[in-house]
Asks: 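Pasting a structure here, questions to come.
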2 protein chains.
Amino acid sequence: MAGATIRDVARRAEVSVASVSRALNNLANVHPDTRARVLAAAKELGYVPHAGARSLSLARTHAIGVVLPDLHGEFFSELVRGLDREASARGYHLLLSNIHADHDHATKALRTMHGRVDGLVVMAPYAGSVAIEDLLPPTLPTVMINTPRAHDGVSLRIDNRAGAEAMARHLAALGRKRIVHITGPDGNTDAQERLDGFRAALPKDIDLVVVLGDFTEPSGEAAIARLHDDGVAFDAVFAGNDLMAVGVLRALHQTGRAVPQDVAVCGFDDVPLAGYLSLTTIRVHMTAVGARAAARLIDALEGCDTGAADEWITPELVVRATTVTES
Amino acid sequence: MAGATIRDVARRAEVSVASVSRALNNLANVHPDTRARVLAAAKELGYVPHAGARSLSLARTHAIGVVLPDLHGEFFSELVRGLDREASARGYHLLLSNIHADHDHATKALRTMHGRVDGLVVMAPYAGSVAIEDLLPPTLPTVMINTPRAHDGVSLRIDNRAGAEAMARHLAALGRKRIVHITGPDGNTDAQERLDGFRAALPKDIDLVVVLGDFTEPSGEAAIARLHDDGVAFDAVFAGNDLMAVGVLRALHQTGRAVPQDVAVCGFDDVPLAGYLSLTTIRVHMTAVGARAAARLIDALEGCDTGAADEWITPELVVRATTVTES
DNA sequence: CTGTTAGCGCCTTCAC
DNA sequence: GTGAAGGCGCTAACAG
């Protein structure tokens, strides 16, 4: 018997809808007999509360909206897993909305969140998507992930600078003197911060060559090929992300240079592939970021407002065989 | 001005709520002037329709529930991407619910979907999770992905048998005579079907050794080590999935056997890593599966019921360097 | 302890 | 072309 409503239950249990509601929500002040009759009736009817109606009258949906760009698989799934873990542990659902390039579509998707979710977790790493902030229903509590611009809600930031600095120190400690950095695409905040941090932490006696990449593997490969053709010498490459580092490894292999003896190679992110290739990198624990984002949002929703508006997640240096030889 | 309601708009535009509703939903029979006034008022108030209330009165949420087990990252993200692409293209949101081991939790999560979504996409590859079918609010249209048991809704199945058969033919054509198959965990339907298909399509003059694995990389590695210790000879290994195949490659490397000369190696799934390792495998295009699932569900929801109740997705053989030498 | 009633915000007949 | 009124399913005062 599908679609049974609270009134059906009330009729069958021969009580009022109010009693049914109270019994089903474990409120006090319900006679045990009444409660039993209600429970029985509900079970017999296969009654399932209508969550939509419930939210409407409670003004509470127990759902959080997740707005993500169309990003790389690894990140996406890890982030969502972290969000989901925390959310479901605290009784919340996730309403997903990937934002593609299409502006109108995005606007509509965002507006449609109003009245379906209690708050939003938004990730928008590209400076170009600035508008997103303005599209958000301003009434919804929001946690931003990695969004540079100031806003009124909570913001979780990955400390790209700290990660890049750690890498700079690592390479410096290894005695590398002519280092190439391949950047991410223009306008990408992560890319910019990684470059800034790296440059800032590099001792003055080390040469830094910066070349433009776009976070894809081919761009890493092409960058090295170009340097090779130009006869540029270097003994280390810090790629703006792991994918490009993979391209770098490939290019170096083709030109017959030994890693790490001739050239040390490292990336950023620690995607699963990095482990297989023994790539030295900076680990960004996206599962933790997701869990933290959900936790902060739910805290805010439930009134227990913890911590600072800006929270930084520090990534971790993972040293593997592309920068140091095992011994 | 957040939280403006339709009544606020009506008041400001000096019309009735009915007219506001009509104007905002582009219904006919609204005087241009009225429409303009309504639009202006809505914009001034920053009015955003309350999706929850809208669903309640329309009995239509334009959201689809996605119920997944806690599965491997690659699959998860690809499947969800496919679902999201199709869903958002047709104006639907995704409500996520990962089902963990905890039965009660799962039940509650599923029941909470009633009234929040118009239909469900469910993936439950393990025979052990049989109960899931019974937990589903029976009133919701459902598309099952890879669920063996019959049910009343639509079911999308990955044709594991066909994939395994293709692999059997491939190895046979290469002239391999003593083949090892490493299975997935007991009770896993995919694993069982892959074994069955493989065995069925293998010519009689080929020896088949079946060993138990569990879909993890170490289990693939361990399986080969065991065979090696036992002195079992073989010239090909078909791992039940790519992860185990990676373990196999590692183990063979350690025992000094050449791939593919001494031993041909292949897997199943075509995870991204498989491409990097040049692993011959069977590609299961999960993005397509997700998109198809969403498409079928939405078709059903919107009355244009296409196709058969059971739809099979045929995976594709991808031949790479672990079974054939480049030339 | 229990029932009645009035909304939550929106859409939709049904009259005008 | 427009407004008034009822209802989607549920919860939350308020009386009894």
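In the text below, chain A, chain B and the rest are named by the order of the sequence lines, each starting its count at 1.
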Asks: Find the distance A/D8:CG to D/dG9:C1' and express it as a whole number of Å.
Replies: 11 Å

Asks: Taking ring pair (Phe, Tyr, Trp, His ring centres under 6.0 Å) as the test, write out the residues that go with B/H62, two or more places apart.
Replies: B/Y92

Asks: Can you tell me if A/T5 touches the phosphate of D/dC10, counting only side-chain N or O atoms and a distance under 4.0 Å to OP1 or OP2?
Replies: yes

Asks: May I ask you to decide if A/L27's main-chain N or O and A/N25's side chain share a donor-acceptor pair within less than 3.5 Å?
Replies: no

Asks: Nearest-Å distance, OH (B/Y47) to P (C/dG9)?
Replies: 10 Å

Asks: Under the 3.5 angstrom rule, does the side chain of A/S55 hit a backbone N or O of A/A51 as a donor-acceptor pair?
Replies: yes

Asks: If I take atom CG in residue A/L56 and atom C1' in nucleotide D/dC8, what distance separates them, rounded to the nearest angstrom?
Replies: 9 Å

Asks: State whether the side chain of B/R85 and the backbone N or O of B/G290 hold a donor-acceptor pair below 3.5 Å, judged by distance alone.
Replies: no

Asks: Could you check how far CE of A/M113 sits from P of C/dG9, rounded to whole Å?
Replies: 20 Å

Asks: Heavy atoms only, 4.0 Å cut-off, all strands: where does A/L58 land among base, sugar-phosphate and nothing?
Replies: sugar-phosphate

Asks: Between protein and nucleotides 1-7 of chain C, map the contacts as a letter string: B base, S sugar-phosphate only, - none, heavy atoms under 4.0 Å, written 5' to 3'.
Replies: SBBB--B

Asks: Output the rounded distance in Å from NE2 (A/H114) to C1' (C/dC10).
Replies: 11 Å

Asks: Can a salt bridge be assigned to the pair A/D8 and A/R11 using a cut-off of 4.0 Å between side-chain N and carboxylate O?
Replies: yes

Asks: Quick one: does any side-chain atom of B/T61 pair with a main-chain N or O of B/D118 as donor and acceptor, under 3.5 Å?
Replies: yes

Asks: Could you tell me how far apart B/R60 (CZ) and D/dG9 (P) are, to the nearest whole angstrom?
Replies: 15 Å

Asks: For the pair made of CG in B/L24 and C1' in C/dC11, what is the distance, rounded to whole Å?
Replies: 12 Å

Asks: Whole-Å distance between C/dC8 P and B/H50 NE2?
Replies: 11 Å

